[in-house]
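For reference, the structure is listed below as structure tokens.
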Amino acid sequence: MASIDQLRGNQQPLTTTRNTSNQTQTQETQGGSVREQQGVKAQDDAVSLSQQSQVIDKMNQKMASEPYFDSAKVDQIKQAISNGSYKVDPDKLAASMMRFENDLNDS
């Protein structure tokens, strides 16, 4: 018994795909796409960034290269805690906690 490929003869195998708008598209899997066979050349995609987006990209790169925290300040606080000289201001701590809670509730 002959296979399906042999029944087609010299025809190229077809592939059917479905895009997001539920339209069926058929294109040949060998010999290029249908558009290329019709003489339409594929164009290279290009992206250009606005001046503002270039500035933002540079800022992001700079921030990524810098440390996430001030290690000297962390060392200073660690030393103050270890020698007992670090003092917590309870009013400032409570105000910060309330501000944090309010920010969470506003979201």
Side-chain angles (χ1 to χ4, degrees):
M1 180 162 257
S3 73
I4 281 186
D5 291 333
Q6 292 171 341
L7 293 176
R8 286 190 179 164
N10 291 332
Q11 293 180 353
Q12 298 289 333
L14 298 177
T15 303
T16 301
T17 59
R18 195 174 289 273
N19 64 16
T20 56
S21 63
N22 291 333
Q23 296 174 342
T24 302
Q25 297 176 345
T26 303
Q27 114 182 50
E28 294 186 0
T29 57
Q30 294 178 352
S33 71
V34 173
R35 289 176 55 107
E36 289 172 349
Q37 289 178 359
Q38 293 172 350
V40 178
K41 293 185 179 183
Q43 297 178 359
D44 292 333
D45 292 336
V47 175
S48 63
L49 301 176
S50 68
Q51 184 69 24
Q52 184 178 11
S53 64
Q54 290 175 0
V55 169
I56 291 171
D57 185 49
K58 286 179 185 178
M59 287 175 26
N60 284 336
Q61 289 176 1
K62 182 180 178 185
M63 288 184 343
S65 67
E66 293 178 357
Y68 182 68
F69 58 89
D70 185 356
S71 60
K73 186 172 183 178
V74 171
D75 291 339
Q76 181 184 11
I77 293 171
K78 281 182 179 181
Q79 185 177 11
I81 291 171
S82 66
N83 68 22
S85 65
Y86 185 77
K87 302 292 182 212
V88 176
D89 181 358
D91 293 330
K92 185 177 177 182
L93 177 61
S96 294
M97 290 173 68
M98 291 301 296
R99 188 172 46 253
F100 178 74
E101 284 292 322
N102 287 336
D103 288 346
L104 284 177
N105 290 333
D106 290 342
S107 298

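Please read all numbers here as calculations on a predicted model, not as lab measurements.
With sequence neighbours excluded, the residues forming a side chain to side chain contact (heavy atoms under 4.5 Å, CB included) with D103 are R99, listed by chain and number.
In the hydrophobic clustering, where aliphatic and aromatic side chains (Ile, Leu, Val, Met, Phe, Trp, Tyr) are joined below 4.5 Å either directly or transitively, I56 stands alone.
For CG of D45, the number of neighbouring non-hydrogen atoms (other residues, nucleotides, ligands) closer than 6.0 Å is 12 at most.
Note: S82 OG to I77 CD1 = 12.0 Å, rounded to the nearest 0.5 Å.
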Verdict with supporting geometry, K58 and V55, side-chain contact (heavy atoms from CB on, under 4.5 Å): CA-CA 5 Å; K58 286 179 185 178; V55 169; 5.8 Å; no
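Of the residues Q61, M59, Q54, the one that meets the side chain to side chain contact (heavy atoms under 4.5 Å, CB included) test with D57 is Q61.
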Acceptor/donor pairs from residues 64-73 side chains to any protein atom, 3.5 angstrom cut, sequence neighbours excluded:
{"unit_1": "S65", "atom_1": "OG", "unit_2": "K62", "atom_2": "O", "d": "2.8"}
{"unit_1": "D70", "atom_1": "OD1", "unit_2": "A72", "atom_2": "N", "d": "3.2"}

